Amino acid sequence: MYTYIQNVHEHIGEEITIRGWLYNRTDKGKLRFLLVRDGTGTIQAVVFKGNVDPEVFEAVDQTTQESSLTVTGTVKEDSRAPGGYEMDVSHCEIGQIAGEYPITPKDHGTAFLMENRHLWLRSSRQHAILRIRHEIIRAVRDFYDNNGFTLVDTPILTPAACEGTTTLFEIDYFGEKAYLSQSGQLYNEAACMSVGKTYCFGPTFRAEKSKTRRHLMEFSKVEPEVAWANLDDIMKLAEDFVSYVVQRVLEERKEELERIERDTTPLEKIEPPFPRISYSEAFVLLETEGTDTPRGSDFGAADETILSCSFDKPVIVHRYPRDIKAFYMQPDPEDSGSALCMDMLAPEGYGEIIGGSQRIHDVDLLLERIREHKLPVDAFKWYLDLRKYGTVPHSGFGMGIERVVSWICSLDHVRETIPFPRMLYRMYP
RNA sequence: UCCUCAGUAGCUCAAUUGGCAGAGCAUCCGGCUGUUAACCGGAGGGUUGUAGGUUCGAGUCCUACCUGAGGAGCCA
């Protein structure tokens with residue numbers, strides 16, 4: 001019988017056996033302090049020379065960082081042990097003595113850690129981030145599953161661009177050009193006409209040569225799409241959704257947030273309603289801060305940071321100029337120069353996490369926009385069909401998981417939010 | 001794609017004006033019964049990113065290239 005480290009507190013006074021890896025070891029005379037991790041936690045195992053067979057003590061002496069081992073001993077509470085519990089070791093079996101491990105408990109540079117990402121994942125901080133990421137993904141699924149949404153998967157291999165603007169990864173599809181999906185939205189629109197409320201959740205690809213703390217070539221996106229919903233409806237959905245996700249992480253991953261030293265007080269404020277400002281109102285604010293960005297163009301990175309830091313909750317910016325937005329966005333009936341769209345900017349300077357809109361439901365207007373953007377009408381035949389057969393207003397948005405993880409964990413860079421980041425100039429490991 | 005900065009031991013970094021290539025950690029050996037990134041003593045470990053140039057002499061100055069980091073634009 002083996003015990004997981006997370007359960008040792010249920011076995012005080014009992015002899016248990018754990019299996020894991022040596023995280024760190026310190027020696028003191030006839031004592032060996034083994035810090036052992038097993039994926040569920042870490043515990044200090046104390047080996048006293050007089051308590052074990054001489055050959056066992058000698059074997060323990062040979063262990064290096066990340067050596068695999070099976071440790072048997074009695075659990076006791078001890079204030080001197082990290083975590084409050086430790087094991088008095090009676091026996092220890094070595095699985096493998098690890099070779100010289102590259103990642104030591106000392107400082108390392110970013111390039112070195114990325115080169116060793118497959119090993120870096122074992123570090124306490126990276127382990128905590130992986131667990132928080134998982135909780136965020138679980139919360140995302142639970143939110144939609146519990147609110148009447150049907151998961152409808154959208155394809156990763158696609159024949160055409162969803163938004164003509166961004167760069168796509170092109171691949172050979174039996175002699176035809178295909179692209180890795182940059183959004184499931186168009187397919188979501190088809191799905192929501194079947195199930196009413198749908199969402200897709202999966203990897204998304206962008207071949208943009210972006211080299212910033214907020215960009216990856218491959219990232220996870222969750223995209224809900226709701227039939228009959230207007231812009232206001234999805235702004236409400238977005239704030240309920242983001243609040244739910246944040247509160248779930250606060251409840252379920254307290255220990256991990258503590259381990260990465262995340263100050264949770266800003267997160268505790270994340271509940272509806274969120275501030276909502278129009279693009280024009282946002283510009284009034286930016287101009288008082290002295291922005292150089294001309295009205296009518298999209299916000300620059302500095303502008304986004306200003307807006308993001310101006311509120312202690314995520315801020316929703318809506319009704320951007322039509323010209324800088326995608327072809328499928330419904331024009332504002334009160335101002336045809338604006339689109340019924342919205343972006344949500346996370347606080348603390350993290351910036352855009354959500355982008356969404358009400359979609360054009362009139363077939364003639366949509367056709368006009370496709371032509372205006374010089375997109376191939378043939379490729380959008382099926383998309384136009386959605387407006388021919390019982391069209392209804394509908395809206396949706398997309399949320400980038402990595403940016404949310406980055407914000408909730410208060411990270412410097414999205415590369416730590418995903419196990420194996422695909423970045424400009426780095427696809428190893 | 002553009003701008004800025006950086007490449008010295010396995011890792012993190014020193015090296016004065018251009019003048020003997022150095023430390024901590026890691027590794028190996030020895031010591032210690034309460035360590036928390038332990039400590040103490042000892043040892044091994046180098047084509048200073050690559051190619052060329054200036055100089056009596058280059059880690060240091062110049063040129064090109066390579067690699068990486070930070071940022072911009074674009075976006076989630």
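Just so you know, these numbers come straight off a predicted model, no measurement behind them. Worth knowing before you read on, the calculation uses all heavy atoms, side chains too, and leaves out hydrogens, waters and symmetry mates. Note on naming: letters A, B, ... go to the chains in the order of the sequence lines (proteins, then strands), and numbering restarts at 1 for each one.
- Neither OP1 nor OP2 of B/rC11 sits under 4.0 Å from any side-chain N or O of A/Asn116.
- Using a 4.0 Å heavy-atom distance criterion, A/Gly109 is classed as a sugar-phosphate-only contact.
- Across all strands, A/Phe112 comes closer than 4.0 Å only to sugar-phosphate atoms, never to a base (heavy-atom distances).
- Put simply, CG on A/Leu113 is 11 Å from P on B/rC11, counting in whole angstrom units.
- Remark: B/rC61 base-pairs with B/rG53; criterion is Watson-Crick or G-U wobble with both hydrogen-bond distances under 3.5 Å.
- Using a 4.0 Å heavy-atom distance criterion, A/Ile103 is classed as making no nucleic acid contact.
- Here the nucleotide nearest the side chain of A/Pro105, chosen from B/rA37, B/rU1, B/rG34, is B/rA37.
- Summarising the geometry, the separation between CG on A/Asn24 and C1' on B/rA26 is reported as 11 Å, rounded to the nearest angstrom.
- Aromatic rings of A/Tyr144 and A/Phe201 (six-membered ring for Trp) have centroids beyond the 6.0 Å cut-off, not under it.
- Toward the 5' end of RNA chain B, the nearer of the two residues A/Glu304 and A/Arg426, judged by each one's closest nucleotide, is A/Arg426.
- Taking the side chain of A/Ser210 as heavy atoms from C-beta on, and the options B/rC74, B/rU35, B/rA37, the nearest nucleotide is B/rC74.
- The CZ atom of A/Arg37 sits 17 Å away from the P atom of B/rA37 (whole-angstrom rounding).
- For A/Thr72 (side chain) and A/Thr17 (main-chain N/O), no donor-acceptor pair under 3.5 Å exists by modelled atom type.
- Rounded to whole Å, atom C1' of B/rU27 lies 12 Å from atom CD of A/Gln62.
- Taking only side-chain atoms of A/His108, from C-beta outward, the nucleotide of B/rU1, B/rG34, B/rC11 with the closest atom is B/rC11.
- OP1 or OP2 of B/rC32 has not a single side-chain nitrogen or oxygen of A/Lys28 nearer than 4.0 Å.
- If you check every strand for non-hydrogen atoms under 4.0 Å, A/Gly50 touches nothing.
- Across every strand in view, B/rG30 sits in a pair with B/rC40 that passes the Watson-Crick or G-U test at under 3.5 angstrom.
- Nucleic acid contact class of A/Leu31 (heavy atoms, under 4.0 Å, all strands): base.
- In terms of heavy atoms, A/Pro275 sits closest to A/Lys313 at CD-CB, 3.9 Å.
- Listed candidates were B/rU35, B/rG70, B/rC74. Nearest to the side chain of A/Lys211 is B/rG70.
- Pairing for B/rC25 is with B/rG10, a Watson-Crick or G-U wobble pair whose two hydrogen-bonding atom distances lie under 3.5 Å.
- Of the candidates B/rG34, B/rA38, B/rC25, B/rG34 carries the atom nearest the A/Glu86 side chain, counting heavy atoms from C-beta on.
- At the phosphate of B/rC32, neither OP1 nor OP2 sits under 4.0 Å from any side-chain N or O atom of A/Arg32.
- Side-chain atoms of A/Lys221 stay outside donor-acceptor range of the base of B/rA76, with no qualifying N/O pair under 3.5 Å.
- Remark: the A/Gln44 side chain and the B/rU36 base include no donor-acceptor N/O pair separated by less than 3.5 Å.
- Between A/Asp142 and A/Arg138, no side-chain nitrogen of the basic residue sits less than 4.0 Å from a carboxylate oxygen of the acidic one, so the salt-bridge criterion is not met.
- For the C1' atoms, the distance linking B/rG59 with B/rG19 amounts to 13 Å, nearest Å.
- Taking atom P in both B/rU17 and B/rG44, one finds a spacing of 32 Å when rounded to whole Å.
- Of the residues near RNA chain B, A/Thr63 and A/Asp27, the one whose nearest nucleotide (by heavy atom distance) lies more toward the 5' end is A/Thr63.
- The nearest whole Å value for the distance from the CD1 atom in A/Ile43 to the P atom in B/rG34 is 20 Å.
- Atom C1' of B/rG57 sits at a distance of 12 Å from the matching atom of B/rC20, rounded to the whole Å.
- The P atoms of B/rG70 and B/rC32 are separated by 47 Å, rounded to the nearest whole Å.
- Side-chain contact between A/Trp120 and A/Met114 is present, with at least one heavy-atom pair separated by less than 4.5 Å.
- Comparing the P positions of B/rC61 and B/rC5 gives a spacing of 13 Å, expressed to the nearest Å.
- For the pair A/Lys30 NZ and B/rU35 C1', the interatomic distance rounds to 16 Å; values are reported in whole Å.
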For a quick test of your reading: what N or O donor-acceptor pairs under 3.5 Å do the side chains of residues 318-327 of chain A make, sequence neighbours left out?
unit_1   : atom_1 : unit_2   : atom_2 : d
A/Arg319 : NE     : A/Asp332 : OD2    : 3.1
A/Tyr320 : OH     : A/Asp343 : OD2    : 3.3
A/Arg322 : NH2    : A/Glu372 : OE1    : 3.2

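- Checking side-chain atoms of A/Asp38 against main-chain N and O of A/Gly41 turns up a donor-acceptor pair under 3.5 Å.
- Aromatic ring centres of A/Phe311 and A/Phe274 lie farther apart than the 6.0 Å criterion allows.
- For A/Tyr425, the listed nucleotide lying nearest its side chain is B/rU1; candidates were B/rU1, B/rU27, B/rG73.
- Counting only residues at least two apart or in different chains, salt bridge (Lys or Arg N to Asp or Glu O under 4.0 Å) contacts with residues 91-116 of chain A comprise A/Glu115-A/Arg426.
- Atom P of B/rU48 sits at a distance of 12 Å from the matching atom of B/rG10, rounded to the whole Å.
- Base pairing annotation: B/rG73 forms no Watson-Crick or G-U wobble pair, as no partner gives both donor-acceptor distances under 3.5 Å.
- Checking B/rU16 for Watson-Crick or G-U wobble geometry (two distances, each under 3.5 Å) identifies no partner in any strand.
- By the stacking rule of 5.5 Å between ring centres and under 30° between planes, A/Phe219 stacks on the base of B/rA76.
- Nearest nucleotide to the side chain of A/Ala301, out of B/rG34, B/rG73, B/rA26: B/rG73.
- Between the side chain of A/His215 and the base of B/rC75, a donor-acceptor pair under 3.5 Å is found.
- Between the C1' atoms of B/rG46 and B/rU8, the separation comes to 8 Å (whole Å).
- You won't find any donor-acceptor pair under 3.5 Å spanning the side chain of A/Thr104 and the base of B/rC25, going by distance alone.
- Note: CD1 (A/Ile137) to P (B/rA76) measures 19 Å, nearest angstrom.
- B/rU60 and B/rA15 have their C1' atoms separated by 9 Å, with the value rounded to a whole Å.
- Residue contacts shown for A/Pro82 include a base, since a base heavy atom lies under 4.0 Å away.
- Distance, A/Ile324 CD1 to B/rG73 P: 13 Å, rounded to whole Å.
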